[in-house]
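Just so we're clear, the structure is a prediction, and the values are computed from it rather than from any experiment. Note that the numbering runs from 1 along the sequence shown for the chain.
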Amino acid sequence: MSKRIWNFNAGPATLPLSALEKVKADLPDYNNTGMAVMELSHRSKAYDAIHQDALAMMRDLFGVPDNFKILFLQGGASQQFAMVPLNLLGSGKKADYIITGSWSKKALKEAKMQGSINVAGSSESTNFNRIPAQNELNLESDAVYCHITSNNTIAGTQFQTFPATGNVPLVADMSSDILSRKIDFSGFGLIYAGAQKNLGPSGLTVVIVREDLIASGREDIPIIFQYRTHAEKDSLYNTPPTYSIYIMKLVLDWVKEIGGLPGVEKRNQEKGDLLYGCIDEMGDFYKGAVEKESRSLMNVTFRLPSEELEAKFIADGLAAGFGGLKGHRSVGGVRVSMYNALEPQGIKELVSFMKDFAQKNG
Ligand SMILES: *Cc1c(COP(=O)(O)O)cnc(C)c1O
């Protein structure tokens, strides 16, 4: 039996062991088909059952209302940066963008090519260490949508409450916190996420979009980029990323096993309490990189007293079985990504390593 490390990679990221073991058991003969899942036709009965199960489970577990479609696309969240404004904007239309990190900035850059964009709020002046408050926002009442990045994977911030935008629907990049907490869909028009953080392997992008926005989307853009194309064909217009969808379905089985969204939320809170508790308790040595009110439960960023100590922390951590602790190059320091699948035990062990390391090096 090979040894698995505690994997704190930011994405692609750790997956539930039970899902990986099921993948292994299903190779090379899935369900007596005589084929592996990756060899099945996307038009076959065996694959269709996986596809429909994955759609139904996502709807059920995340509480997606009936007036939203769930799409399985490709091209990552990065493609959605372009597809959202391509479908929803156009000449004479405007959108609000709240800028909370480098992913928001990339989304903004694409949007500017498709319509008139109002930056309704930004925390760039403080290096994205916080989420702008409601009273700092400068929202346009005639915007087609307001775009946010719900969790900022690099900086380590997360919207604790979502902006109140009146009748303007929120469009959210939830790549790094989808299915990590309960969402009130009434404020949202569209949610998108690359699967490789909280849902499964890379290659799959989940888009959850309100039907009226699909219907009002532009028709004079390439067919493959129109949401309606994929909505009308249940995401089988072209060959979907079948293997990634199958693995996501196994991840959703696991979510169900641990108590669905309430179970996930409880675990995430428990992990957050442990790790932020340690950082606060040892504030002379570990300094949280973001404001407390904006702290993310998915990506925890902190600094040590010197860059030398940070390098030692990361190297000693790896030797002790903790991988992926290096902060993003734009922020530096340490980043602990602890998505849904990261077991609380991993954080317990990391916290004890942190206490030990501070004692020896503080
Ligand atoms: C990882 C990430 C992205 C980029 O996703 P791709 O699937 O690589 O395009 C975008 N936004 C956020 C918030 C992310 O965490």
Side-chain angles (χ1 to χ4, degrees), residues 4 7 9-31 33 35-62 64 69-83 103 151 153 173-180 190-209 224-225 227 229-231 233-257 264 298 324 337 339-342:
R4 280 175 60 79
N7 176 357
N9 282 339
T14 193
L15 291 169
L17 187 57
S18 65
L20 295 176
E21 277 171 349
K22 185 74 167 63
V23 168
K24 188 170 150 191
D26 283 348
L27 284 170
D29 177 9
Y30 172 71
N31 229 354
T33 56
M35 292 174 272
V37 174
M38 64 185 90
E39 299 174 296
L40 297 172
S41 162
H42 63 296
R43 308 284 174 204
S44 65
K45 253 192 174 156
Y47 174 72
D48 198 56
I50 295 169
H51 192 90
Q52 298 305 332
D53 271 1
L55 285 169
M57 288 184 78
M58 177 63 81
R59 187 175 294 283
D60 184 43
L61 289 166
F62 203 25
V64 179
K69 286 269 196 232
I70 301 173
L71 310 179
F72 295 156
L73 306 182
Q74 299 178 62
S78 301
Q79 182 168 302
Q80 294 310 305
F81 295 166
M83 251 175 99
W103 294 118
N151 182 75
T153 323
D173 175 359
M174 289 196 187
S175 291
S176 50
D177 70 347
I178 190 166
L179 206 63
S180 71
L190 190 152
I191 287 167
Y192 63 89
Q196 67 272 22
K197 282 136 191 171
N198 253 335
L199 296 177
S202 61
L204 166 65
T205 314
V206 174
V207 177
I208 303 172
V209 50
I224 188 72
F225 294 141
Y227 289 121
T229 304
H230 302 283
K233 295 282 194 257
D234 251 347
S235 302
L236 286 157
Y237 169 74
N238 68 320
T239 316
T242 55
Y243 207 59
S244 295
I245 291 168
Y246 151 74
I247 298 175
M248 182 183 70
K249 196 251 159 200
L250 299 177
V251 172
L252 296 176
D253 285 337
W254 169 83
V255 168
K256 202 168 163 182
E257 267 164 38
V264 164
M298 300 281 100
S337 296
Y339 301 118
N340 290 352
L342 196 279

Could you list the donor-acceptor pairs under 3.5 angstrom formed between side-chain atoms of residues 35-42 and any protein atom two or more places apart in sequence or on another chain?
{"residue": "E39", "atom": "OE1", "partner": "A36", "partner atom": "N", "Å": "2.7"}
{"residue": "S41", "atom": "OG", "partner": "R43", "partner atom": "N", "Å": "2.9"}

Side-chain contact test, heavy atoms from C-beta onward, threshold under 4.5 Å: evaluate it for L199 versus L204 and give yes or no.
no
Classify the ring geometry of H230 against Y237: parallel below 30°, tilted from 30° to 60°, perpendicular beyond 60°.
perpendicular
Would a 4.5 Å heavy-atom cut-off, applied to side chains only, mark S180 and Y339 as touching?
no
Which heavy atom of Q74 sits nearest to which heavy atom of T239, and what is that distance?
NE2-O, 3.1 Å
How about S235 and P240: do any of their side-chain heavy atoms sit closer than 4.5 Å?
no
Please check this pair: side chain of N31 against backbone of T33, looking for a donor-acceptor N/O pair closer than 3.5 Å.
no
Determine whether V207 and L190 satisfy the following criterion, side chain to side chain contact (heavy atoms under 4.5 Å, CB included), listing intermediate values before the conclusion.
CA-CA 7 Å; V207 177; L190 190 152; 4.1 Å; yes
Would a 4.5 Å heavy-atom cut-off, applied to side chains only, mark I178 and F62 as touching?
yes
Shortest non-hydrogen pair, A19 vs L250, comes out as O-CD1, 3.7 Å
D173 and S175: side-chain hydrogen bond (donor to acceptor under 3.5 Å, both in side chains), yes or no, with the steps?
CA-CA 6 Å; D173 175 359; S175 291; 2.7 Å; yes
Given V206 and M248, is the side chain to side chain contact (heavy atoms under 4.5 Å, CB included) satisfied, shown in steps?
CA-CA 10 Å; V206 174; M248 182 183 70; 4.0 Å; yes
Side-chain contact test, heavy atoms from C-beta onward, threshold under 4.5 Å: evaluate it for L252 versus M58 and give yes or no.
yes
List the steps and the verdict of side chain to side chain contact (heavy atoms under 4.5 Å, CB included) for W254 and L17.
CA-CA 9 Å; W254 169 83; L17 187 57; over 6 Å; no
Under the salt bridge (charged side-chain N to carboxylate O under 4.0 Å, His left out) rule, collect the residues that match up with D253, sequence neighbours excluded.
K249
Closest approach of P16 to V251 (non-hydrogen atoms, all atoms of both residues):
CD-CG2, 4.0 Å
Mind listing the closest non-hydrogen atom pair of V264 and L179 along with its distance?
CG1-O, 3.6 Å
CD1 of I50 to CG of D26: how many Å apart, nearest 0.5 Å?
8.0 Å
Heavy-atom closest contact (A54 atom, I245 atom, distance):
CB-CG2, 4.0 Å
Heavy-atom side-chain contact between D48 and L236 under 4.5 Å
yes
Going through the distances and angles, do T14 and R4 end up as a side chain to side chain contact (heavy atoms under 4.5 Å, CB included)?
CA-CA 10 Å; T14 193; R4 280 175 60 79; 3.8 Å; yes
Is there a side-chain contact between V64 and K69, using heavy atoms and a 4.5 Å cut-off?
no
Any M83 side-chain heavy atom under 4.5 Å of Y192 side chain:
no
Roughly how far apart are T153 OG1 and D177 CG, rounded to 0.5 Å?
8.0 Å
What one should report as the nearest heavy-atom pair of W103 and F81 is O-CZ, 3.7 Å
